[in-house]
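To start, the structure itself, in structure tokens.
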Amino acid sequence: MSNEARKVLEVKGVCKDFGGLRALDDVDLDVREGEIVALIGPNGAGKTTFFNCITGIYTPTFGEVNIDPTGDGFKRINGIKTNYVTEMGMARTFQNIRLFPSMSVIENVMIGCHCRTKASFLGAIFRDPRTKKEEQETIIKSYELLKELGLEQFADELACNLPYGAQRRLEIARALATDPFLLLLDEPAAGMNPQETLALEGLIVSIKEKHNISVLLIEHDMKMVMSLSDRIFVLEYGREIAHGTPQEVSENPAVIKAYLGEDLDA
Amino acid sequence: MEGLKKSLLVSLWFMFLTLPIVGVFVNTIDDVVIWRLERVLYVGICTFFLSFLWRFMISKKEAGAKRDEETGEEQISAFGKILANPSFYYPLLAGVLVFALLFPQLFSMYQVNIMISALIYVVLGLGLNIVVGLAGLLDLGYVAFYAVGAYSYALMNLYWGVNFWVALPIGALLGALCGIILGFPVLRLRGDYLAIVTLGFGEIIRLVLENWGDFTHGPSGIANIPRPDFFGLFTGLSNSIHFMYYLMIVLVIFTIFIVNRLKNSRIGRAWQALREDEIACQAMGIDKVKTKLMAFSIGATWAGLVGVVFAAKTSFINPASFTFLESAIILSIVVLGGMGSILGVILGALVLMLLPEYLRAFSEYRMLVFGATMVLVMVFRPQGLVRDVRKKIDIAAVRKALGGANE
Amino acid sequence: MDYFLELFFSGLTRGSIYALIALGYTMVYGIIELINFAHGEIYMIGAFVGLTVAGVLTSFGFPATSIMVLASMAAIVYAAAYGYTLEKIAYRPLRSAPRLSPLISAIGMSIFLQNYVMLAQTSDFISFPSLTPEFAFLDKYSSTIGSSDFLIIVVAAVVMVLLTLFIKFTRMGKAMRATAQNRKMAMLVGVNVDQVISVTFIVGSSLAAVGGVLIASHIGQINFFIGFIAGIKAFTAAVLGGIGSVPGAMLGGLILGWTESFCTGYVSSDYEDVFAFALLVIILIFRPSGLLGKAPIQKV
């Protein structure tokens with residue numbers, strides 16, 4: 001990926017305090033158009049907190065989060081409510097799967113279409129042709145997304161009855177339904193076996209290409225991170241200790257120390 | 001044997017508990033102590049048998065939960081299966097409709113009057129069902145909007161002579177407006193706080209009605225509220241009651257229609273998602289406050305609407321009709337019927353409103369039974385009488401449509 | 001100044017009672033995150049048990065002081081027993097149910113208990129004998145503070161100190177705090193959570209009964225409905241102080257007592273209950289975590 005591509009997300013000096021604890025300390029990060037960027041670090045390094053800060057679930061204590069979805073300048077989005085962040089085009093998945101358990105699989109994806117559809121409550125009551133058409137389009141779009149993620153045979157099932165790996169993929173389908181320019185994946189391969197992880201890798205690349213989006217992912221599976229990412233950012237104790245290409249990062253002494261000191265498996 | 005011992009202990013425990021409340025009555029004015037120990041014994045005997053039933057039900061519930069876990073599917077009752085079959089469903093529906101239309105011809109005016117009240121509660125239940133059942137917001141001050149509707153008609157009629165038909169939409173609008181005004185600040189709150197704040201609001205409205213004597217006539221209320229007049233037709237008490245009855249039937253059908261459409265729409269879907277996981281919902285781009293506010297105010301609209309009808313029906317209202325107890329009754333209709341289920345709420349309203357009327361002897365025990373029902377339903381059948389079923393998305397049709405396009 | 005002092009002490013008296021009831025709400029909420037809607041009814045039942053026991057003992061000709069002590073003891077024991085049973089029947093089977101279920105069950109229990117007492121006793125107000133002895137040393141100040149006010153303030157203060165010591169220093173108190181922080185973790189390190197929850201209900205209910213008997217004897221009449229209003233107000237106090245926080249409940253109770261007393265004294269007595277409800281609504285909207293409570297961090 002060329003370095004000249006424009007930045008779609010730019011995070012500068014973000015800090016987050018919980019009481020006296022500084023969970024994130026001066027973190028810089030950027031994602032360019034069409035890139036897959038990974039955010040790695042030992043458990044408790046603040047990766048999910050970082051996601052929460054840029055998606056409006058937490059408000060950063062200091063720092064700036066800027067996005068540029070269309071190429072006509074940056075918009076500052078810290079402190080903006082989560083649903084507006086999603087509307088602006090950053091969609092995320094959750095580390096501890098948060099589907100709507102007693103809704104069907106296709107309905108879960110249809111919820112993702114909510115912010116791209118308009119039917120008001122009057123529309124719901126009168127069911128005018130426009131509302132009907134919109135509803136039909138929503139269903140078709142959702143079904144196609146399910147197909148893309150290999151979930152179409154489950155469309156009618158309740159989300160809570162899906163196998164684990166399928167639930168993770170459903171989260172991705174649901175996030176894609178919001179038409180994002182940047183997809184934030186929080187440990188998409190957690191709990192998957194090596195074959196599933198490999199398949200997921202291919203899936204992420206094909207999604208990126210097909211929907212023409214960028215991806216920022218948190219992941220512990222180093223093999224996946226190394227082969228998938230264009231660039232990697234490394235967090236430890238809320239601080240950014242390194243960033244660069246997979247090659248650069250894997251040779252960085254600070255990173256080696258952080259990982260070997262804490263987590264031999266990684 | 002083990003069970004016998006357990007039940008014996010339970011019954012002794014309840015006899016101990018009820019001893020000073022049921023067994024003794026102290027008349028402090030004449031300093032007389034009245035002993036009613038035999039009642040404590042009845043309590044003991046009843047609880048002895050009930051405790052067997054309790055344990056049986058608990059074990060059945062646990063077995064059911066385990067079975068659901070194993071099969072991954074919830075059991076659908078025979079009743080549900082019959083309803084799902086259109087060849088039963090439509091004739092049944094037609095039968096109910098015919099019965100409803102003929103009701104005033106078949107029964108006395110007294111019965112019709114009771115039925116009107118029950119239908120009012122059907123609409124109230126359906127309205128609250130939007131808030132509690134569909135959107136999952138526990139509103140304990142629902143009766144406040146009912147009061148707003150009733151008082152808006154009564155007061156507008158008293159001061160400006162506004163007639164029923166004009167008041168009907170105004171009452172509904174005022175209900176919606178109050179829903180928005182009250183909802184806007186409180187809907188940010190977590191579920192249980194919301195319950196208490198709405199309860200507080202409900203009580204504030206009632207207390208204001210009670211104390212603002214110059215305007216609302218205070219606790220003595222407003223009398224002589226006219227019944228609806230329909231181009232001079234339906235004059236006389238019996239005719240106008242019949243007219244009210246048909247009006248309520250129309251309103252009920254209208255409500256069912258609208259609630260059903262809302263439920264199976266983009267908005268209804270957002271409500272359910274919000275009920276299941278607020279954070280995930282917001283991460284999907286759904287505006288939490290806006291969506292909740294919509295549920296809250298649409299729910300309030302129905303209360304405002306039937307409030308007007310209530311005022312016209314009784315032709316006398318006072319703040320005592322709008323206590324927290326009333327909110328609790330409407331809530332128990334929704335809970336007993338089955339949160340979210342339209343059919344369930346209708347059945348719930350009819351059961352809870354008509355049974356006490358026909359079991360006059362037990363009418364004192366009405367609220368006792370309501371309270372117990374709420375607890376028992378929550379413990380043993382949280383889905384209520386009728387489990388809420390959402391309309392399924394027709395996947396086969398989608399596949400067909402897509403298949404046709406691709407090939 | 002005298003009028004101010006009178007209002008100050010009447011506010012303090014009310015506030016102490018609210019605080020006693022609020023403690024029950026706050027402790028239960030701290031542990032199982034449930035607004036125990038039926039808590040006000042426990043308080044009412046405490047008052048009724050106090051009344052019947054006092055009545056029976058009077059008819060047997062017991063001396064006044066022993067009646068006061070025995071009636072209060074009975075009220076505490078019974079309230080504790082009711083609280084314990086309430087938890088077992090209406091809340092324990094719903095431990096893992098969605099959040100609204102136990103709340104609805106609690107509302108049901110509240111309605112049930114109100115009507116149970118109404119049907120078993122009466123729907124009218126019953127006069128409650130004054131159980132408070134006259135303190136001679138208060139004669140000089142009788143215009144600002146009465147004997148029963150004095151008794152309520154002292155008893156409430158003593159009970160709250162005891163409760164604080166109990167939570168701080170006993171084994172059970174520690175287990176309670178641990179359960180409140182993280183129930184699963186407490187269970188894993190060997191805390192008997194069921195027992196802790198039962199004890200919480202028992203302690204909370206006993207405190208409510210103390211409040212019930214004191215206020216009934218102070219006001220001189222009770223009926224089946226007193227628990228509802230008192231419950232809401234005590235809940236307001238608990239939220240005001242920060243629900244889940246024990247010192248918060250005490251502080252909240254006092255502030256609410258004073259607010260009501262001064263507002264009715266200087267503004268208008270018609271809207272006495274409106275002040276409390278309005279205060280509740282305002283706090284929940286602007287500072288839902290209360291004065292001493294901590295805003296929870298949302299885990300995602």
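To find a chain, count down the sequence lines: A is the first, B the second, and so on, and within it residues start at 1. Computed from heavy atoms alone, side chains included, the values below leave out hydrogens, waters and symmetry copies.
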| query | Given that the side chain runs from C-beta out, which part of Phe275(C) has a heavy atom under 4.5 Å from chain B: side chain, backbone, both or neither? | reply | neither

| message | Do Ile107(C) and Met374(B) make a side-chain contact, defined as non-hydrogen atoms from C-beta onward lying under 4.5 Å apart? | response | yes

| query | Where on Thr18(B) is there a heavy atom nearer than 4.5 Å to chain C: the side chain, the backbone, both, or neither? | reply | both

| query | If every non-hydrogen atom of Val26(B) is compared with every non-hydrogen atom of Gly55(C), which pair is closest and at what distance? | reply | CG1-CA, 3.8 Å

| query | What residues of residues 67-79 of chain C sit under 4.5 Å from chain B when you count only heavy atoms? | reply | Val77(C), Tyr78(C)

| note | Contacts of Phe52(B) meeting ring pair (Phe, Tyr, Trp, His ring centres under 6.0 Å) (sequence neighbours excluded), chain-then-number -> Phe48(B)

| remark: chain B shares the most heavy-atom pairs under 4.5 Å, among Val53(C), Val117(C), Ile126(C), Val56(C), with Val56(C)

| Pairwise side-chain contact, Phe112(C) with Thr373(B), heavy-atom cut-off 4.5 Å (strictly under) | no

| task | Check for a donor-acceptor pair, side chain of Gln121(C) on one end and backbone N or O of Val24(B) on the other, with a separation under 3.5 Å. | result | yes

| note | If you tally heavy-atom pairs under 4.5 Å between each of Thr85(C), Leu51(C), Ile232(C) and chain B, the highest tally belongs to Thr85(C)

| Value rounded to 0.5 Å, distance of CG in Leu368(B) from CE in Met118(C) | 8.5 Å

| said: Is any side-chain heavy atom of Trp13(B) closer than 4.5 Å to one of Tyr84(C)? | reply: yes

| said: Shorter than 4.5 Å, heavy atoms on both sides: which option in Leu17(B), Val197(B), Val379(B) has the most such pairs with chain C? | reply: Leu17(B)

| In terms of heavy-atom pairs under 4.5 Å with chain C, which of Val33(B), Asn211(B), Leu207(B) leads? | Asn211(B)

| query | Side chains of Thr52(C) and Ile21(B): does their closest heavy-atom pair fall under 4.5 Å? | reply | no

| note | Applying ring pair (Phe, Tyr, Trp, His ring centres under 6.0 Å) to Phe380(B) and not counting sequence neighbours gives Trp54(B)

| query | If you take all heavy atoms of Ile204(B) and Ala278(C), which pair is closest and at what distance? | reply | CD1-N, 3.9 Å

| query | Which answer fits Ala97(C), side chain, backbone, both or neither, if we ask what part of it has an atom under 4.5 Å from a heavy atom of chain B? | reply | neither

| query | Between Val22(B) and chain C, which part of the residue has a heavy atom less than 4.5 Å away: side chain, backbone, both or neither? | reply | both

| By a 4.5 Å heavy-atom criterion (distance strictly below it), what part of Phe228(C) contacts chain B: side chain, backbone, both, or neither? | side chain

| field | Engaged part of Ser101(C) at the chain B interface, taking heavy atoms whose separation is under 4.5 Å | value | both

| request: Begin with the C-alpha distance, continue with both residues' side-chain angles, and end with the deciding distance and a verdict on side chain to side chain contact (heavy atoms under 4.5 Å, CB included) for Phe25(B) and Thr122(C). | output: CA-CA 9 Å; Phe25(B) 179 73; Thr122(C) 168; 3.8 Å; yes

Can you list, pair by pair, the side-chain donor-acceptor contacts under 3.5 Å of residues 34-44 of chain B, counting residues two or more places apart and other chains?
| unit_1 | atom_1 | unit_2 | atom_2 | d |
| --- | --- | --- | --- | --- |
| Arg36(B) | NH1 | Ala120(C) | O | 2.9 |

| Roughly how far, to the nearest 0.5 Å, is the CG atom of Asn115(C) from the CZ atom of Arg366(B)? | 10.5 Å

| field | Spacing of OG belonging to Ser332(B) relative to CD1 belonging to Ile104(C), to within rounding of 0.5 Å | value | 10.0 Å

| said: Could you measure the distance from the CG atom of Leu325(B) to the CD atom of Gln114(C)? Nearest 0.5 Å is fine. | reply: 7.0 Å

| task | Select one option (side chain, backbone, both, neither) describing which atoms of Leu331(B) are under 4.5 Å from chain C's heavy atoms. | result | side chain

| task | With rounding to the nearest 0.5 Å, note down the distance linking OG1 in Thr236(C) to CD1 in Ile196(B). | result | 8.0 Å

| said: Quick check: closest heavy atoms across Gly108(C) and Val375(B), and the distance to 0.1 Å? | reply: C-CG2, 3.8 Å

| Residue selection (most heavy-atom pairs with chain B, distance under 4.5 Å) from Ile243(C), Leu34(C), Ile89(C), Ile45(C) | Ile89(C)

| task | Check whether any side-chain heavy atom of Phe37(C) sits under 4.5 Å from a side-chain heavy atom of Leu199(B), and report yes or no. | result | yes

